[in-house]
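Reading through the structure tokens given below for one structure.
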Amino acid sequence: MEANWLYPYRTVRQPVLAANVVATSQPLAAQAGLCMLQEGGNAVDAALAAAITLTVVEPTGNGIGGDGFAQVWDGRQLHGINGSGRSPAAWSPERFADGESMPLFGWDAITVPGAVSVWAALSQRFGVLPFATLFRAAIGYARHGFPVAPITATRWREMADSFRGFPEFCRVFLPGGQPPLPGTVVRFPEMAETLEELAATDGESLYRGSLAQRISRCAEQQGGLLSSDDLAAHRPLWVSPLAVNYRGYTLHELPPNGQGLAALLALGILERFDLAAEPVDSVGSVHLQAEALKLAFADVFRHLADPEVMRIDGSRLLDPAYLDERARLIDRRKASFPGPGPMAEPGTVYLAAADNSGMMVSLIQSNYFGFGSGVVVPGTGISLHNRGAGFSLESGHPNQVAGGKRPFHTIIPAFVTKDGQPAMAFGVMGAHMQAQGHVQMMTRVFDYGQHPQAASDAPRWQVNHDQSLSIEDGFSPDTAGQLARLGHRIVSGVPTHVFGGAQLIRKTADGCYLAGSDHRKDGQAAGF
């Protein structure tokens, strides 16, 4: 379906049309990526320069100590890479036996950070510019300073109190004891030195060099179990994306341990309904989508884990007969609260880039809980993520915490093709909002014909862990009431940032690109 040019939502943004495009959650990062394209780099070079810059200018969502995933269309085929790290080999269920849930802060929430390994692997395989060149903007902003963008400053302020118990975090990220105000110029000189070290070693220092030694030494001194051997053993995984057809297009998601399978399941279920017959933003449209996602998450939360220990192949959940069975459980007249199907068992920043050669990149990286675990490695500026919080403590669950294991992951980059050719790279940030955001972007673009900026501007909803339904401001006044009468447990007054931020780049029929960026972040799309 070709995009229409209506602007149905209140917005201050226009979509960007260009032959070369970068769309990110922060303007300085978008410009850093665009500079690489202007210097002869390709979409991968642009995406990586933007990703590296984001670790400096938006530390509230990602960092050098985070994880990363990507999908790349190289001009001929689609490639996937999973940069999530494993838990320390010395972890065991017994270490966490006294807790009711996995720790959110400290060393017991930290797995091996994988984002840097994704940067290096993508550059080596697809990039044309020297790896060190991609760090230029990030190093400059870290050393000489950058003005903090408004929404980033708000998130910084909201999260500050959660990390005040970590002295090194406070020294680096709360200068003068307080989070910076919008427009305040912030400098990270130690982070600049770390980025220079990574640039000079093709990222190896973080895993098998001096930075790895500093991380493992910090862990040992503070009671953590992450070792130099854990870091040295890390390698990103090249993977084949899973896919489902939807309205003549194909959505590609990375396989587990990421939650992209939830988006595929939900769209596979929705394919069995004429969603476009329900008006956009109507109760009927929201109800069908929410019910499909409840069914999808019930399966994903039961079965998804590190693929090395999953008891079923995730692709089995996409079997047409199984999708038929799940779709029959949806009642248009009332909400349901489903469990998993009968299957026999054997934080975050997103960006997209595209160039005039046809290469397109969908990339996401995250520290998870804003700044992550609260642990900042002394003298490096590296804020370590808290992806270990994604493990389960349930005995016998495939995602139960253990040593040398990848946790359930929320961050997922999406890619769409049509007839074997690239159609759209996109993502939506925000924990379990991400798979739901993918479904909402797909239906808006391919059921309702919205262009990327309109789809990004539109109000969103979110199915919560308890299967209640959060509704963002922007829906018609009676929508929440009608959904409640269908049996949905409605949660209103939820902060806008909970519904994530989206970035989308869609390829046009003439081979150019149409990009949109989200007002829920400081995002920007830029092109030439």
Side-chain angles (χ1 to χ4, degrees), residues 51-52 55 62-70 81-92 95-96 102-122 194 197-198 201-239 254 256-258 305-309 347-348 364-369 371-378 380-392 399-411:
I52 296 164
T55 65
N62 75 136
I64 298 167
D67 275 353
F69 297 77
I81 188 168
N82 176 338
S84 62
R86 297 177 185 271
S87 58
W91 277 13
S92 67
R95 181 175 178 86
F96 303 90
M102 284 295 297
L104 194 58
F105 302 109
W107 281 101
D108 278 352
I110 298 171
T111 55
V112 173
V116 172
S117 71
V118 170
W119 303 344
L122 288 175
T194 292
E197 174 79 5
L198 294 171
T201 64
D202 291 336
E204 280 292 293
S205 183
L206 191 72
Y207 303 103
R208 290 163 282 276
S210 63
L211 290 173
Q213 294 171 7
R214 296 175 82 163
I215 292 170
S216 61
R217 184 165 59 248
C218 179
E220 184 177 3
Q221 292 170 350
Q222 297 180 8
L225 297 182
L226 186 69
S227 70
S228 57
D229 287 342
D230 293 322
L231 293 162
H234 175 76
R235 300 290 188 283
L237 297 175
W238 292 102
V239 296
L254 298 183
N257 53 315
D306 186 327
E308 294 181 5
V309 299
T348 301
I364 197 162
Q365 59 189 30
S366 171
N367 273 359
Y368 195 31
F369 191 76
F371 287 95
S373 64
V375 175
V376 176
V377 181
T380 69
I382 298 175
S383 180
L384 291 168
H385 66 175
N386 58 334
R387 281 293 165 185
F391 283 115
S392 170
N399 189 44
Q400 183 182 9
V401 65
K405 188 175 180 180
R406 293 181 177 86
F408 181 109
H409 234 287
T410 59
I411 60 174

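Computation of the quantities below employed the complete heavy-atom set of this structure, encompassing side-chain atoms and omitting hydrogens, waters and symmetry-equivalent molecules. Because the structure is a prediction, the values reported are computed rather than measured.
- Taking Ser228 as the reference, nothing meets the side chain to side chain donor-acceptor pair (under 3.5 Å) condition, with sequence neighbours excluded.
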| task | Go through Arg387 and Ser373 one step at a time and tell me if the side chain to side chain donor-acceptor pair (under 3.5 Å) criterion holds. | result | CA-CA 8 Å; Arg387 281 293 165 185; Ser373 64; over 6 Å; no

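- A heavy-atom distance below 4.5 Å is not found between the side chains of Leu384 and Val376.
- Scanning both residues, Thr55 and Ile52, for their nearest heavy atoms gives OG1-O, 2.6 Å.
- A side-chain hydrogen bond (donor to acceptor under 3.5 Å, both in side chains) with Thr111 is found for exactly one of Arg86, His385, Lys405, namely His385.
- Within a 6.0 Å radius of CD in Glu220, no more than 12 heavy atoms belonging to other residues, nucleotides or ligands are found.
- Residues that satisfy the ring pair (Phe, Tyr, Trp, His ring centres under 6.0 Å) test with Phe69, not counting sequence neighbours, are His409.
- Residues Ile382 and Thr194 form a side-chain contact, since some pair of their non-hydrogen atoms from C-beta on lies under 4.5 Å apart.
- Shown here are the salt bridge (charged side-chain N to carboxylate O under 4.0 Å, His left out) partners of Glu204, two or more places apart in sequence or in another chain: Arg208.
- Side-chain atoms of Asn82 and Asn257 form a donor-acceptor pair, as typed in the model, at a separation below 3.5 Å.
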| query | Stepwise, does the side chain to side chain contact (heavy atoms under 4.5 Å, CB included) test hold for Ile81 with Leu122? | reply | CA-CA 8 Å; Ile81 188 168; Leu122 288 175; 4.1 Å; yes

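- In this structure a side-chain-to-backbone donor-acceptor pair under 3.5 Å is present from Asp306 to Arg406.
- For the pair Leu226 and Val112, the minimum side-chain heavy-atom distance is below 4.5 Å.
- Using modelled atom types and a 3.5 Å distance limit, the side chains of Ser210 and Glu197 yield a donor-acceptor pair.
- In this structure the side chain of Leu206 never reaches within 4.5 angstrom of the side chain of Leu231, judged on heavy atoms.
- By the 4.5 Å heavy-atom criterion applied to side chains, Arg95 and Asp108 are counted as neighbours.
- You'll find the side chain of Leu225 stays beyond 4.5 Å of the side chain of Trp107, heavy atoms only.
- Here the side chains of Ile110 and Val375 are in contact, with some heavy-atom distance below 4.5 Å.
- The shortest side-chain heavy-atom distance between Phe408 and Ser392 does not fall under the 4.5 Å cut-off.
- Remark: side-chain polar atoms of Tyr207 are paired, donor with acceptor, to backbone N or O of Ser117 under 3.5 angstrom.
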